[in-house]
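Chain identifiers are assigned alphabetically (A, B, ...) following the order of the sequence lines, protein sequences preceding nucleic acid strands; residue numbering begins at 1 within each chain.
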Amino acid sequence: MSSKVRVRFAPSPTGPLHIGGVRTALYNYLFAKKHGGDFLLRIEDTDQTRFVPGAEKYIIEALAWCGISPDEGIGGEDRGNGPYRQSERKPMYRQYVDQLLDNDKAYIAFDSAEELDTMRQLAKDAGAANWQYNYITRGNMKNSLTLPKEEVEAKIAAGEPYVVRIKLPRDHEVRFEDTIRGWVSVNTNNMDDKVLFKSDGMPTYHLANIVDDHLMDITHVIRGEEWLPSAPLHVMLYEAFGWERPVFAHLPLLLKPDGPGKLSKRDGDRLGFPVFPIDWNNEETGETASGYREFGFYPDAFINMLALLGWNPGTEQEIFDLQGLVDAFDLSKVSKSGAKFDFEKGKWFNQLYLRSQGEAALAKDLKAQLDARGLSCNEQYLGTIAMMMSERATFPQDLVTEGMFLFERPTEYDEKTASKKWTAESPAMIQDLSERFAALADFTEANIETAFKDYLAEKELGFGKVGPSFRLAVTGKGMGPSMFTICEVLGKEEVLARMSAAIETLG
RNA sequence: GGCCCGUUCGUCUAGCGGUCCAGGACGCCGCCCUUUCACGGCGGAAACACGGGUUCGAUUCCCGUACGGGUCACCA
């Protein structure tokens, strides 16, 4: 076994990956790249009843959008450790179960799900804390520890369904050092004999996870805190097999911004913002959920925001691209407590990234937004408009929506501005201005400004006296970017037409 | 309820015994810039859950309490 760092992200294909899952994948990826290691993607689909078509494709696409591509496994290379879907590894697990059975580390149990439910209910009714299948109760259950060997064999031969459970020693302190939390310790008396192998012939997550991580030479297991309670079981499994165990790091959870609890897939669009990286559409059930990509987020901004939720570089820097994150990432700087997700901060990141796009990229974004809405403008001004609107945009779509007047003639005039700024003198002033504009040979920003200011000077008028009504006449709004730039972009004809239309409408 | 984990401004967090009457960021408020809005600049309000220890000295270490979270399936 090499000492090369190898980590895996092992989602279950039960639906779209929410941002907590994306963050887990991201941290795994950052850790691997930081240490020159491998990032593997493995699909944990041992529960065939929960399989959702399209989920695997979604996971790969979502990670790809984030700039995360697996070195090995699903969506990456097959480097001889495959298959990388647990359902396809089904035949591999039996021998490990037998190994445990042979070494008295596990046993066969025939209790049906109904019988177990009954036991649990009985215990509950009796006021017992929590019924467990453990070193005490297993003596009263139907298993290979209580049944004669012949009967066990007969039952198996008869095809009676059974599961295999781990045989936990009593009163044994399981200790392991978590990179993020330090020493964690649990006594086996508080654990139960978890099922390792199901009656349908598939291993449970616990068994498959340990076997696969071992076979795939995984050196670090970085996963969500929800796995912390089962980590001691996993430690016991490594010991039962006599395998060296990987280093564990349990990440703090992403919490709901409002109520209590961890962020869940069900939070979908309930909160008014996405909890998924990209849109999700389940053709079969018609279930849909919106994603950050479609919401208008730049992947870099999304990743930047996500990375800082539960981790910080220890400096005051908070703008990082993917490579920057790789360089700065350190598991020991991951915080221990859960983080409530804050969409406002996410918006701030996007705004920052949008503004740093540069004119060419922004022009492209603007063009795409216009096309999507069937709008158009003088293409030579694409860059100018994009830069002008970028100051008040958070998302690419704002480039258009915040400046609709650039693409459509105003159909109505802002009432508040009209009542306050459109006075009895306004029509005459706008008329005068339009005549001066009409006389301009070169309808450029600078010329328009000069003409406008000359007019003010000659009539001894303040900017505030004419400016607002001028803006109202041309854009229908009470606020916005520089009027001179707007006018040049609109072109002489359009500006003049709008001015006379305003005089007509507003009187 | 049992077990496990956690607890610094509204939110994300810095802080790894003295440099902290606690720093940064988002958000919020004010001022400046500006014809307006936005951008930008400057400034402000805002937190160590509580109680015991340990120590010359605790935000930092230990214990307890409270609160929060996770988990207790033949799901991952």
Side-chain angles (χ1 to χ4, degrees), chain A residues 10-14 44-47 49-50 86 109 111-113 116-117 120 124 127-133 161-165 178 180-182 184-187 189-192 194-206 208-209 223-232 250 252-253 255 257 260-262 305 308-319 332-333 335-349 351 355 388-393 398 402 417 421 452 456 462-472 475 477-483:
Chain A
S12 170
T14 54
E44 310 232 326
D45 54 352
T46 50
D47 184 357
T49 65
R50 295 212 308 161
Q86 290 180 331
D111 319 277
S112 67
L116 292 173
D117 283 344
R120 280 189 261 266
K124 199 176 169 189
N130 196 24
W131 189 83
Q132 293 191 136
Y133 204 121
Y162 66 91
V163 299
V164 176
R165 287 178 180 274
D178 185 282
I180 294 166
R181 284 150 214 290
V184 175
S185 171
V186 181
N187 191 291
N189 288 355
N190 294 315
M191 297 165 60
D192 61 358
K194 279 273 180 299
V195 170
L196 302 177
F197 200 71
K198 300 184 273 187
S199 57
D200 66 357
M202 282 293 271
T204 59
Y205 163 82
H206 302 294
N209 178 278
R223 77 233 294 196
E225 190 185 350
E226 69 266 32
W227 295 110
L228 198 50
S230 52
H250 290 91
L253 265 17
L255 274 16
K262 65 172 175 176
M305 160 192 80
L308 256 18
L309 232 42
W311 168 84
N312 78 86
T315 66
E316 283 178 2
Q317 182 183 351
E318 49 183 352
I319 304 303
S332 71
K333 288 201 128 353
S335 47
K336 295 181 175 72
S337 47
K340 277 189 183 166
F341 178 67
D342 181 16
F343 189 63
E344 288 305 314
K345 185 112 186 201
K347 274 160 56 175
W348 175 75
F349 274 113
Q351 190 178 38
R355 277 197 225 119
M388 176 168 75
M389 298 316 300
S390 71
E391 280 172 16
R392 56 213 80 209
D398 300 336
E402 292 295 304
T417 311
K421 304 290 183 182
F452 186 87
L456 290 187
F463 212 136
K465 192 82 183 160
V466 192
S469 48
F470 174 40
R471 177 181 298 282
L472 185 71
T475 70
K477 303 277 183 202
M479 55 185 102
S482 160
M483 277 311 294

Mind checking the [atom1] distance from [N] to [M]? Whole angstroms is fine.
N      : M      : atom1 : result
B/rC28 : B/rG10 : P     : 16 Å
B/rC32 : B/rA38 : P     : 14 Å
B/rC5  : B/rA14 : C1'   : 22 Å
B/rG27 : B/rC12 : P     : 16 Å
B/rG70 : B/rC61 : P     : 25 Å
B/rC62 : B/rG24 : P     : 29 Å
B/rG64 : B/rC9  : C1'   : 27 Å
B/rU11 : B/rA45 : C1'   : 16 Å

Side-chain N or O of [X] closer than 4.0 Å to phosphate OP1/OP2 of [N]:
X        : N      : value
A/Lys421 : B/rU35 : no
A/Arg355 : B/rG40 : yes
A/Thr46  : B/rC75 : no
A/Thr14  : B/rA76 : no
A/Asn312 : B/rA14 : yes
A/Lys347 : B/rC12 : no
A/Lys340 : B/rG10 : no
A/Lys336 : B/rG70 : no
A/Arg165 : B/rA73 : no

With heavy atoms under 4.0 Å as the rule, sort [X] into base, sugar-phosphate or nothing.
X        : value
A/Ser230 : nothing
A/Lys333 : sugar-phosphate
A/Ser335 : sugar-phosphate
A/Thr204 : sugar-phosphate
A/Val163 : base
A/Asp178 : nothing
A/Ala339 : sugar-phosphate
A/Met305 : nothing
A/Gly224 : nothing

When the aromatic ring centroids of A/Phe197 and A/Tyr162 are compared, is their separation below 6.0 Å?
no
Roughly, in whole Å, what's the span from [atom1] in [X] to [atom2] in [N]?
X        : N      : atom1 : atom2 : value
A/Leu228 : B/rG68 : CG    : P     : 20 Å
A/Gln86  : B/rC75 : CD    : P     : 13 Å
A/Glu344 : B/rA25 : CD    : P     : 17 Å
A/His250 : B/rC4  : NE2   : P     : 15 Å
A/Asn130 : B/rG1  : CG    : P     : 13 Å
A/Glu226 : B/rG68 : CD    : P     : 20 Å
A/Lys345 : B/rG10 : NZ    : P     : 15 Å
A/Trp348 : B/rC28 : CH2   : P     : 14 Å

Report the relative orientation of the aromatic rings in A/Trp227 and A/Tyr205; use parallel for angles under 30°, tilted for 30 to 60°, perpendicular for over 60°.
parallel
Which of the following nucleotides, [options], is nearest to the side chain of [X]?
X        : options                : result
A/Leu309 : B/rA76, B/rC12, B/rU36 : B/rC12
A/Leu116 : B/rC4, B/rC74, B/rG23  : B/rC74
A/Arg50  : B/rU35, B/rG6, B/rC75  : B/rC75
A/Val195 : B/rG70, B/rC5, B/rC74  : B/rC74

Of A/Pro11 and A/Leu308, the one whose nearest nucleotide on RNA chain B sits closer to the 5' end is A/Leu308
Taking the nucleotide of RNA chain B with the closest heavy atom to each, which residue, A/Trp131 or A/Trp227, is nearer the 5' end?
A/Trp131
Does [N] pair with anything, Watson-Crick or G-U wobble, both distances under 3.5 Å, and if so, with which nucleotide?
N      : answer
B/rC33 : none
B/rA45 : none
B/rC39 : none
B/rG64 : B/rC50
B/rU59 : none
B/rC9  : none
B/rC3  : B/rG70

Picking from A/Lys336, A/Arg181, A/Lys262, what satisfies side-chain contact (heavy atoms from CB on, under 4.5 Å) with A/Pro252?
A/Arg181
Confirm from the modelled atom types if A/Lys194 and B/rA73 form a donor-acceptor pair under 3.5 Å, side chain to base only.
no
Check this for me: does the side-chain of A/Arg181 come within 3.5 Å of the base of B/rC5 through a donor and an acceptor?
no
Basic-acidic side-chain contact under 4.0 Å: A/Asp192, A/Lys194:
yes
For A/Glu318, is there an ion pair with A/Lys345 - N to carboxylate O distance below 4.0 angstrom?
yes
If you round to the nearest 0.5 Å, how far is [atom2] of [Y] from [atom1] of [X]?
X        : Y        : atom1 : atom2 : answer
A/Phe341 : A/Leu309 : CZ    : CG    : 6.5 Å
A/Leu228 : A/Asp178 : CG    : CG    : 6.5 Å
A/Leu456 : A/Lys465 : CG    : NZ    : 12.0 Å

A/Tyr133-A/Asp111 side chain donor-acceptor pair, cut-off 3.5 Å
yes
Evaluate A/Arg120 against A/Lys124 for side chain to side chain contact (heavy atoms under 4.5 Å, CB included), listing each step before the verdict.
CA-CA 6 Å; A/Arg120 280 189 261 266; A/Lys124 199 176 169 189; over 6 Å; no
Between the base of B/rU35 and the ring of A/Phe463 - centre-to-centre under 5.5 Å, planes within under 30° - is that a stack?
yes
